[in-house]
Structures are given as structure tokens and as C-alpha cells.
Amino acid sequence: MADMIVPRHIAMIMDGNGRWAKKRLLPRSAGHKAGLDRFVEICDACGELGVEYLTVYAFSTENWNRAPEEVNALMELMSRGIVKYEPQLEKRNVRLKLLGDLERFEPKYREALIGVQERLSKNSGMVLSICLSYGGRQELVYAVNRLLKEGKTEITEADIDRTLYSAGNPDPDLVIRTSGEYRISNFLLWQSAYAEYYFTDVLWPDFDKKELLKAIESYSKRERRFGR
Ligand code: IPE
Ligand code: IPE
Ligand code: MG
């Protein structure tokens with residue numbers, strides 16, 4: 001794949017963990033566990049390919065409406081997973097950013113996550129943004145409220161860019177969604193205005209490096225016009 005154009009910023013909606021588990025007659029939590037392992041692998045693969053920014057959707061504002069047992073299992077898995085994965089991220093010089101309303105997390109989880117974010121914030125390699133308790137609409141409201149607090153009565157696009165959770169990240173070039181759903185589900189609404197989308201039926205826990213390369217290959221063939 002000599003003519004492959006690696007996107008500078010890839011964003012992913014990691015969907016299909018529940019269906020993956022169901023197919024195997026396993027509890028949904030087993031699907032989330034498999035999904036976490038896959039995330040670690042894809043994150044490494046992106047780093048090796050030279051992706052500069054990777055943004056993943058791990059838990060949406062709407063996901064709070066799931067059964068409390070599933071929400072708790074996810075909180076536990078995500079915070080423990082990120083803590084466990086910290087040395088590997090450190091070794092790879094990954095800079096971590098958490099995007100979302102972390103105030104909704106139980107303090108023990110929030111503190112663990114913020115600790116890892118702080119320690120990895122000095123790194124200078126790939127920027128990994130994990131969207132947790134994240135919603136695109138909620139993020140826009142958050143940004144506007146910050147601007148109101150600054151005393152603004154009129155705003156620009158640049159004002160919104162600098163007050164979103166994702167401030168500092170360029171817009172995503174490629175947004176991948178797994179599991180055969182053709183929707184955005186409230187992900188990066190502002191930032192994806194000109195992103196290329198790639199949808200695949202593959203369930204997230206089956207999305208390996210080969211599937212990632214297929215997505216990048218598809219992206220490489222596209223002509224981006226930006227309205228010109
Ligand atoms: C994605 O998998 C993970 C989260 C949304 C947290 P799902 O849990 O949505 O799996 P499906 O879509 O039910 O298969
Ligand atoms: C989107 O998946 C959110 C994440 C992957 C974290 P969902 O499974 O929550 O989305 P819907 O409900 O199918 O739109
Ligand atoms: Mg889903």
C-alpha cells in the first residue's frame with residue numbers, strides 16, 4: 001500500500017461490543033472487555049502508522065441511560081483499563097486527553113482517570129483523546145457557557161474551537177464507525193463538518209489492524225473538496 005495516505009486525525013465510534021458478546025452467548029461485559037483489548041491494539045497500530053491524533057468514543061452522555069449494572073461495569077473497566085495501560089502509553093510517548101463531563105463519574109474513577117491524564121499530558125507523541133461521558137451537543141453547550149462567562153455577547157467559530165473539550169486538536173479527517181450502524185450518535189458534531197466517514201459491519205471487538213488498513217485505504221482513494 002505504497003500510495004496510502006495516512007489521515008492526520010482518525011476518530012472512531014467503537015460500537016458493537018454487546019452484539020459481539022451475544023453472538024458468543026457471553027454477558028455484555030465480556031464484549032466490553034474484548035473491546036478494550038482491541039482498543040489497545042488499534043491505538044498502538046495508529047501510533048506505528050504515524051497517525052498524529054486518535055479520538056475514540058468510549059461512553060456517550062446517552063449511555064448513562066443504560067442499566068445501572070452495565071454502566072457500573074463500564075466505569076470499572078474503563079478506569080481500570082486506562083490505569084493498567086498507562087505504562088504502555090507512557091512508553092509510546094502518547095499524550096492523553098479526556099473529553100467529556102467527568103463530573104458525572106464517581107470520584108474514585110474520576111480521580112484515577114485525571115491522574116493518568118495529568119501524568120501523560122507532558123508527552124509529545126500521538127494525542128489520544130478518549131471521549132467519556134461525551135456528547136457533541138453537550139460539548140457545544142459547555143463551550144458556549146464558557147464564552148458567556150468570559151462576557152462575550154457575540155462569538156466567532158474560532159471562539160467555539162478554543163472552548164470545546166477538543167480544543168487544540170485539529171478536525172478529524174476520517175471517522176470510522178463499526179457494527180453496521182449508519183449514524184453519528186452525537187459524536188464530534190462540530191468537528192466533523194468535513195470529515196470523511198467509513199462505515200463497516202465488523203463489530204468493534206473484531207476490528208483489527210487489517211480492518212484499520214482497509215479504512216485507511218478507502219480514505220486514501222477519496223477526493224476531498226471542502227466545497228471548492
Ligand atoms: C459499544 O458497544 C460500547 C459502548 C457504547 C459503551 P455497545 O455496548 O453499544 O454494543 P452494541 O451496540 O449493543 O452491540
Ligand atoms: C455510540 O454507540 C457510543 C459509543 C460507541 C460510546 P451507541 O451504541 O451508544 O449508539 P446508538 O445507541 O447505537 O446510537
Ligand atoms: Mg451500540
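The chain is numbered in sequence order, starting from 1. First listed ligand is number 1; within each ligand, the first listed atom is number 1.
Here is the list of ligand 2 atoms found below 4.0 Å of a heavy atom in S185: 10 (O), 11 (P), 14 (O).
Scanning all heavy atoms of the two residues, the minimum distance from S192 to Y197 falls at CB-OH, 3.4 Å.
No side-chain donor from either of N169 and S166 sits under 3.5 Å from a side-chain acceptor of the other. In the model, N186 has no side-chain atom that pairs as donor or acceptor with a side-chain atom of Q138 under 3.5 Å.
Polar contact with ligand 2: present for N63 (N/O pair, distance under 3.5 Å). In terms of polar-atom proximity, L74 is not counted as a contact of ligand 1, lacking any N or O under 3.5 Å from an N or O of the ligand. Considering backbone and side-chain N/O of D15, one or more are found under 3.5 Å from N/O of ligand 2.
Taking atom 2 (O) of ligand 1 as the reference point, the nearest protein heavy-atom neighbour is N17 N, 3.2 Å. Atom 13 (O) of ligand 1 has as its closest protein heavy atom R28 NH2, 3.0 Å.
Within the 4.0 angstrom cut-off, atom 10 (O) of ligand 2 has one or more protein heavy-atom neighbours.
Ring pair F187/Y57 is parallel by interplanar angle, where below 30° counts as parallel and above 60° as perpendicular.
The part of A58 lying near ligand 2 is the backbone, judged by heavy-atom distances below 4.0 Å. Under 4.0 Å from ligand 1, not a single heavy atom of E181 appears. For R66, every heavy-atom contact with ligand 1 shorter than 4.0 Å involves the side chain, none the backbone. The residue S60 has no part lying near ligand 1, judged by heavy-atom distances below 4.0 Å.
Of all the N, O or S atoms in D15, the one closest to the Mg ion (ligand 3) is OD1.
The aromatic ring centres of W204 and F39 sit 6.0 Å or more apart.
In this structure, M14 is part of the shell of residues with a heavy atom less than 4.0 angstrom from ligand 2. Residue contacts with ligand 2 leave out R19, since none of its heavy atoms falls under 4.0 Å from the ligand. Ligand 2 is approached by R183 to a heavy-atom distance shorter than 4.0 Å. The closest approach between any non-hydrogen atom of S179 and ligand 1 is not below 4.0 Å.
For the pairing with E90, the salt bridge (charged side-chain N to carboxylate O under 4.0 Å, His left out) check across K122, R95, R119 returns one residue only, K122.
For E181, every N, O or S atom stays at 2.8 Å or more from the Mg ion (ligand 3).
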